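Below is one structure, written out as C-alpha cells; comments come after it.
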Amino acid sequence: MDVRAVVDWFDEVKRDLPWRSPDRTGWGVLVSEVMLQQTPVARVEPVWLAWMARWPVPSALAAESKGEVVRAWGKLGYPRRALRLHEAAAAIAAEHGDVVPADVDTLLALPGIGAYTARAVAAFAYGKRCPVVDTNVRRVIARAVHGAGEAGPPSTTKDMADVEALLPKEPADAAHLSAALMELGALVCTARTPRCRDCPVLSTCAWQRAGRPAYQGPVKAVQKFAGTDRQVRGLLLDVLRGSAAPEPKAKLDGVWSDAAQRDRCLDSLLVDGLVEQTADGRFALPGEG
DNA sequence: CAGACGTGGCC
DNA sequence: TGGCCAAGTCT
C-alpha cells in the first residue's frame with residue numbers, strides 16, 4: 001500500500017474533530033475513544049464537548065457519582081462504558097497522578113480499555129509507535145492489501161501484524177498513518193458503497209486490481225435489537241435517566257409488557273451497577289460510588 | 001470464541 | 001420497512 005498517498009490525502013481532507021485539536025490531552029483522547037466505541041462521531045461530538053467542559057481531568061470525573069456519569073452519558077448507548085470510564089478515571093487519579101498513562105500495557109490494565117483503545121490513546125495522545133486496529137483499518141487492509149471485499153473474522157495478532165508491516169519507523173509518522181487509515185475507512189473505504197473514485201490508493205488497491213470480488217468469508221450474523229434484553233434495558237434506563245427522584249417499580253412496569261423479561265432486565269441492571277434500589281424499594285440511577 | 005451489550009440514521 | 005452499520009470490550 002502506498003502509505004505516503006494515504007497520509008497526504010488525510011492531511012488534505014481530514015475532519016476537524018475536537019479531540020484532534022493540537023492542545024488535546026490524554027484524558028480528552030481517552031474519553032473520545034471510549035465514547036466512539038460502536039457509536040458514530042456525530043453523536044459523540046456534543047457529548048464529548050460537554051464532558052470536557054465539566055470534567056477536564058480524570059479526578060473531576062472520579063469525584064462525580066456514578067448516577068451523574070450515567071446520566072451525562074445520555075443516549076450514546078452501551079452505558080456500561082460510562083461506568084468503566086468512571087472507574088478508569090478513579091484509577092488514573094489515584095495511581096497515575098491524574099495523568100492518562102502513555103504505556104500500552106498500563107492502559108490495558110484499566111477497565112473498558114482493550115486492544116484498540118489502549119493503542120489509540122498511546123498513538124494519538126502520545127505519539128507512540130504501535131499498530132492501531134479498528135474496524136475501519138481492518139477493512140482498508142482487507143481490500144487494499146489482501147484484495148478481499150471485507151475483513152474476515154478479527155484476529156488481534158494477525159490484524160496488528162498486518163498494520164505493523166505498514167508502520168513507518170518514526171513514531172510520529174506511525175501515529176499519523178494510523179489516523180489516516182482510520183479516516184480512509186470512515187470516509188472513503190466504507191463498508192457499504194465505498195467511494196473508490198475518491199480513494200488515494202485506488203491505483204494500487206489489491207481489491208480493485210482483482211476486479212472487486214465479492215466477500216468469500218463466513219457470513220457475519222446480524223445483531224437483533226427489537227425485543228431483546230438490550231432494548232428493554234435501554235427503555236428501563238431511559239426512564240431513570242429522566243427522573244430526578246427514585247421511581248416506584250410501577251413506573252418501570254410501563255415500559256415493557258413482558259413482566260418476566262422486564263424483571264430479568266431490571267435485575268441485570270442492578271447487577272451491572274447501572275441502577276440501584278432505595279431502602280423503600282424504589283429504583284434510581286446509582287448514587288455515591 | 002460466540003454472544004451480550006444501546007441507539008439512531010441511512011438506503 | 002427493516003436490515004445494516006457505527007473509532008470495541010468483556011465473559
Side-chain angles (χ1 to χ4, degrees), chain A residues 10 14-15 17-20 24 28-48 70 73-85 87-88 107-125 131-141 150-157 159-160 163 175 178-187 189-194 215 218-241 255-256 261 264-265 268-269 271-275:
Chain A
F10 178 61
K14 66 183 171 192
R15 292 167 292 178
L17 302 172
W19 45 86
R20 288 176 174 169
R24 65 186 175 280
V29 171
L30 173 57
V31 171
S32 76
E33 293 300 342
V34 172
M35 287 182 171
L36 287 163
Q37 292 167 3
Q38 301 285 281
T39 303
V41 166
R43 275 201 281 152
V44 165
E45 194 164 347
V47 180
W48 183 89
V70 169
W73 190 256
K75 308 198 82 168
L76 291 181
Y78 295 139
R80 291 186 300 186
R81 288 182 291 167
L83 251 28
R84 293 185 181 129
L85 192 47
E87 289 174 50
L107 286 161
L108 283 170
L110 295 169
I113 300 185
Y116 162 74
T117 303
R119 289 173 179 79
V121 170
F124 302 147
V132 181
V133 185
D134 74 335
T135 188
N136 288 310
V137 173
R138 279 168 34 73
R139 188 172 52 247
V140 169
I141 300 294
E150 299 173 28
S155 162
T156 303
T157 306
D159 295 340
M160 289 206 298
V163 174
S178 286
L181 289 173
M182 288 176 61
E183 193 81 334
L184 184 62
L187 299 183
C189 195
T190 53
R192 226 170 4 196
T193 325
Y215 175 63
V219 178
K220 290 148 185 164
V222 296
Q223 234 184 170
K224 293 297 179 196
F225 179 65
T228 63
D229 285 4
R230 265 182 305 139
Q231 180 182 19
V232 178
R233 284 166 55 105
L235 292 170
L236 291 169
L237 204 59
D238 197 39
V239 169
L240 301 182
R241 261 198 309 262
V255 307
W256 197 252
Q261 185 177 19
R264 177 175 73 241
C265 290
S268 76
L269 288 169
V271 168
D272 286 348
L274 284 163
V275 171

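Since this is a predicted model, take the numbers as computed values, not measurements. Residue numbers begin at 1 in each chain, while the letters A, B, ... track the order of the sequences.
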Item to check | Rounded P spacing from dG3(B) to dC4(C) in Å | outcome: 16 Å
Checklist outcome for this item: Once base and sugar-phosphate atoms are separated, protein heavy atoms under 4.0 Å mark nucleotides 4-10 of chain C, 5' to 3', with B, S and - as BSBBBSS
Item to check | Partner residues of Glu150(A) under the side chain to side chain contact (heavy atoms under 4.5 Å, CB included) criterion, sequence neighbours left out | outcome: Tyr215(A), Lys220(A)
Next on the checklist: Heavy atoms only, 4.0 Å cut-off, all strands: where does Arg241(A) land among base, sugar-phosphate and nothing?
Outcome noted: sugar-phosphate
Next on the checklist: If I take atom CG in residue Leu237(A) and atom C1' in nucleotide dT7(B), what distance separates them, rounded to the nearest angstrom?
Outcome noted: 12 Å
Checklist entry - Among all residues two or more places apart in sequence or in another chain, which pass the salt bridge (charged side-chain N to carboxylate O under 4.0 Å, His left out) test with Arg119(A)? => result none
Checklist outcome for this item: Between CG of Leu235(A) and P of dC5(B) the distance, given in whole Å, is 14 Å
Checklist entry - With rounding to whole Å, what would you report as the distance between dA7(C) and dC11(B) at their P atoms? => result 15 Å
Checklist entry - Between dC5(B) atom P and Phe225(A) atom CZ, what is the distance in whole Å? => result 11 Å
Checklist entry - Does a nitrogen or oxygen in the side chain of Lys75(A) sit under 4.0 Å from OP1 or OP2 of dG6(B)? => result no
Next on the checklist: Checking Arg15(A) now: which residues fulfil salt bridge (charged side-chain N to carboxylate O under 4.0 Å, His left out) with it, not counting sequence neighbours?
Outcome noted: Glu183(A)
Checklist entry - What is the nucleic acid contact for Asp272(A), judged by heavy atoms within less than 4.0 Å: base, sugar-phosphate only, or nothing? => result nothing
Checklist entry - What is the nucleic acid contact for Pro79(A), judged by heavy atoms within less than 4.0 Å: base, sugar-phosphate only, or nothing? => result sugar-phosphate
Without placing hydrogens or testing angles, list every side-chain donor-acceptor pair under 3.5 Å for residues 28-37 of chain A, not counting sequence neighbours.
{"residue": "Ser32(A)", "atom": "OG", "partner": "Val29(A)", "partner atom": "O", "Å": "2.7"}
{"residue": "Glu33(A)", "atom": "OE1", "partner": "Tyr116(A)", "partner atom": "OH", "Å": "2.6"}
{"residue": "Gln37(A)", "atom": "NE2", "partner": "Gly112(A)", "partner atom": "O", "Å": "3.4"}
{"residue": "Gln37(A)", "atom": "NE2", "partner": "Thr117(A)", "partner atom": "OG1", "Å": "2.8"}

Item to check | Ser268(A) versus Cys265(A), closest heavy-atom pair with distance | outcome: OG-O, 2.8 Å
Kindly list each side-chain donor-acceptor pair under 3.5 angstrom involving residues 39-46 of chain A, sequence neighbours excluded, with atom names and distances?
{"residue": "Thr39(A)", "atom": "OG1", "partner": "Leu76(A)", "partner atom": "O", "Å": "2.9"}
{"residue": "Thr39(A)", "atom": "OG1", "partner": "Arg81(A)", "partner atom": "NH1", "Å": "3.4"}
{"residue": "Thr39(A)", "atom": "OG1", "partner": "Arg81(A)", "partner atom": "NH2", "Å": "2.9"}
{"residue": "Arg43(A)", "atom": "NH1", "partner": "Lys75(A)", "partner atom": "O", "Å": "3.2"}

